[in-house]
Amino acid sequence: STLPSVYRWAATSNPNVTGESTTTKTSGTLTDNLVNQTGIAQTVVYTVTPVSAPQNCTGLSQTVSVTVYPVVPAPQVANVNYCLAENTAALTAIALTGHTLNWYTSASGGTASTTAPTPSSASVGSTIYYVSQTNTVNACESARSAITVKVNAIPPAPAALAVTYCQGQATTALTATATPGNTLIWYDVATGGSPLASAPVPNSTSVGTTTFYVSHKSIFRCERGRTAVNHTIYPTPSAPPIPSQPQTYCQGQPASPLLATADAGNTLKWYTVPTGGTASLSAPTPPTPEPGSRIYYVSQTACTCAAPPS
């Protein structure tokens with residue numbers, strides 16, 4: 001007898017499968033890329049006929065049934081963002097029922113691990129991990145899904161200045177300077193606590209210093225340590241004491257600068273009108289060429305807080 005040197009292959013068409021050789025092919029082996037278009041297993045039947053050379057004699061044909069399982073979809077994943085030095089957790093992916101996850105560090109090849117990796121947040125940058133899923137019944141493995149893990153820098157602390165008010169003075173919301181892409185977060189405690197709904201407005205009812213705190217938060221929720229913002233409420237001083245008797249001069253008599261006594265640490269301000277006007281730090285000297293009366297006004301200022309004029 002003569003051993004066959006080649007075979008003739010022909011597949012019976014299955015409309016639910018693509019890639020089968022439905023026309024006769026003659027070769028020692030046959031490689032078809034069969035793809036199941038459905039969600040259930042399909043069968044492709046090949047007829048194989050041995051052919052000997054050079055006589056071209058054909059032998060008894062046989063059938064070969066090939067089971068084609070459905071394509072396993074890649075698992076569902078989501079990219080992950082961390083802040084620098086933040087605690088991280090093992091990566092996750094969603095596998096179908098009856099499937100197991102396979103984790104890789106490369107897009108193709110490599111050795112699979114059934115343990116999900118825990119990324120490092122020790123340095124800023126991005127790392128890509130890959131995961132596939134395998135059907136536990138037929139061992140068919142899906143394509144790999146990529147998960148990008150990005151470690152983001154922590155924004156710098158915001159800049160803010162202390163503010164001062166006089167007791168009872170109208171106040172406005174505190175301010176700080178946010179860098180582009182970051183949001184200001186206000187607190188009334190140095191650590192912990194809950195963010196305030198908006199920038200706080202100081203209360204000037206009571207004298208003293210109150211501290212609020214502000215931090216930066218990036219779009220990736222990375223937050224810097226808090227900057228302290230002090231607001232101080234100073235007392236409003238009383239009107240400065242003045243001589244109990246009006247100062248009088250004869251016409252043409254040389255006059256001296258007016259007198260008033262400021263409290264320790266305060267500054268006198270002199271005016272020619274009871275409200276408004278421009279202050280002078282120098283006590284005025286009344287003119288005496290013409291007879292008549294003049295009224296001057298003086299207040300005292302403590303840390304920018306002005307007393308009512310005397």
Side-chain angles (χ1 to χ4, degrees), residues 75-94 103-107 116-131 144-236 301-306:
Q76 297 180 42
V77 298
N79 294 330
V80 182
N81 281 284
Y82 285 108
C83 302
L84 184 65
E86 181 181 1
N87 292 333
T88 62
L91 297 180
T92 60
I94 300 176
W103 294 92
Y104 299 89
T105 56
S106 57
T118 299
S120 169
S121 64
S123 59
V124 172
S126 296
T127 304
I128 302 177
Y129 298 86
Y130 302 88
V131 61
R144 301 177 189 180
S145 296
I147 301 177
T148 299
V149 177
K150 184 178 181 182
V151 178
N152 300 282
I154 298 175
L161 297 176
V163 294
T164 60
Y165 289 100
C166 301
Q167 188 175 10
Q169 183 181 354
T171 62
T172 59
L174 297 179
T175 61
T177 303
T179 55
N182 297 314
T183 302
L184 294 175
I185 308 295
W186 290 90
Y187 298 87
D188 55 9
V189 290
T191 59
S194 299
L196 302 178
S198 59
V201 178
N203 185 335
S204 66
T205 303
S206 301
V207 172
T209 298
T210 303
T211 305
F212 289 96
Y213 303 86
V214 62
S215 69
H216 260 151
K217 182 175 283 188
S218 72
I219 58 174
F220 301 108
R221 61 176 177 68
C222 300
E223 189 172 355
R224 172 66 68 177
R226 302 171 189 180
T227 298
V229 184
N230 294 327
H231 77 268
T232 301
I233 308 300
Y234 291 106
T236 300
T301 299
C303 298
T304 74
C305 297

Quiz prompt | Point-to-point distance, once rounded to the nearest 0.5 Å, from OG1 of T211 to CG of D188 | solution = 11.0 Å
Practice problem: Determine the minimum heavy-atom distance between I128 and A146, stating which atoms define it. | Solution: CG2-CB, 3.9 Å
Self-check item: Rounded distance [0.5 Å steps], CG in N79 versus CD1 in I147
Solution: 7.5 Å
Practice problem: Could you pull out the closest heavy-atom pair between S204 and T171, with the gap in Å? | Solution: CB-CG2, 3.9 Å
Exercise. Not counting sequence neighbours, which residues clear side-chain contact (heavy atoms from CB on, under 4.5 Å) with A157? List them please.
Key: R224, T227
Quiz item: For the ring pair Y165 and H231, is the centre-to-centre distance below 6.0 Å?
Solution: no
Quiz item: Do the side-chain N and O atoms of E223 and S215 include a donor-acceptor pair separated by under 3.5 angstrom?
Solution: yes
Quiz item: Restricting to pairs with a member in residues 179-208, which pass disulfide bond (SG atoms under 2.5 Å apart), not counting sequence neighbours?
Solution: none
Quiz item: How long is the gap from CD1 on I154 to CZ on F220, to the nearest 0.5 Å?
Solution: 13.5 Å
Self-check item: For A122, side-chain contact (heavy atoms from CB on, under 4.5 Å) partners two or more places apart
Solution: S120
Self-check item: Flag side-chain contact, heavy atom, 4.5 Å: R226 against V189
Solution: yes
Quiz item: Within a strict 4.5 Å, meaning less than it, do heavy atoms of the L91 and V149 side chains meet?
Solution: yes
Quiz prompt | Residues that Y213 engages under side chain to side chain donor-acceptor pair (under 3.5 Å), provided they are two or more places apart | solution = none
Quiz item: Roughly how far apart are T236 OG1 and I233 CD1, rounded to 0.5 Å?
Solution: 10.0 Å
Self-check item: Qualifying residues under side-chain contact (heavy atoms from CB on, under 4.5 Å), relative to A116, sequence neighbours excluded
Solution: A90, W103
Self-check item: For T209, side chain to side chain donor-acceptor pair (under 3.5 Å) partners two or more places apart
Solution: T232
Practice problem: Write down the atom of P75, the atom of S145, and the distance for their closest heavy-atom approach. | Solution: O-OG, 2.7 Å
Quiz prompt | Non-neighbouring partners of A153 that pass side-chain contact (heavy atoms from CB on, under 4.5 Å), sequence neighbours left out | solution = V124
Quiz item: Hey, is the main chain of S121 close enough, under 3.5 Å, to the side chain of T88 for a donor-acceptor pair?
Solution: no
Quiz item: Can you tell me how far the CD1 atom of I185 sits from the OG atom of S194, to the nearest 0.5 Å?
Solution: 12.0 Å
Exercise. Enumerate the residue pairs fulfilling salt bridge (Lys or Arg N to Asp or Glu O under 4.0 Å) with a member in residues 80-93, sequence neighbours excluded, ordered by first and then second residue.
Key: E86-R221
Self-check item: Nearest non-hydrogen partners of S218 and P155, listed with the distance
Solution: N-CG, 4.2 Å
Exercise. Please identify each residue that fulfils ring pair (Phe, Tyr, Trp, His ring centres under 6.0 Å) with Y129, with sequence neighbours left out.
Key: none
Practice problem: Would you indicate whether the side-chain heavy atoms of Y187 and P195 approach each other to under 4.5 Å? | Solution: yes
Practice problem: Using a cut-off of 6.0 Å, state whether more than 12 heavy atoms not belonging to Q167 lie near its atom CD. | Solution: yes
Quiz item: Taking only residues two or more places apart in sequence, or in another chain, which ones meet T205 in a side chain to side chain donor-acceptor pair (under 3.5 Å)?
Solution: N203
Quiz item: So, does N152 use its side chain to make a donor-acceptor pair with the main chain of Y82 at under 3.5 Å?
Solution: yes
Quiz: residues 176-184 side-chain donor-acceptor pairs under 3.5 angstrom, not counting sequence neighbours:
| unit_1 | atom_1 | unit_2 | atom_2 | d |
| --- | --- | --- | --- | --- |
| T179 | OG1 | N182 | ND2 | 2.6 |

Quiz item: What residues form a side chain to side chain donor-acceptor pair (under 3.5 Å) with T148, not counting sequence neighbours?
Solution: none
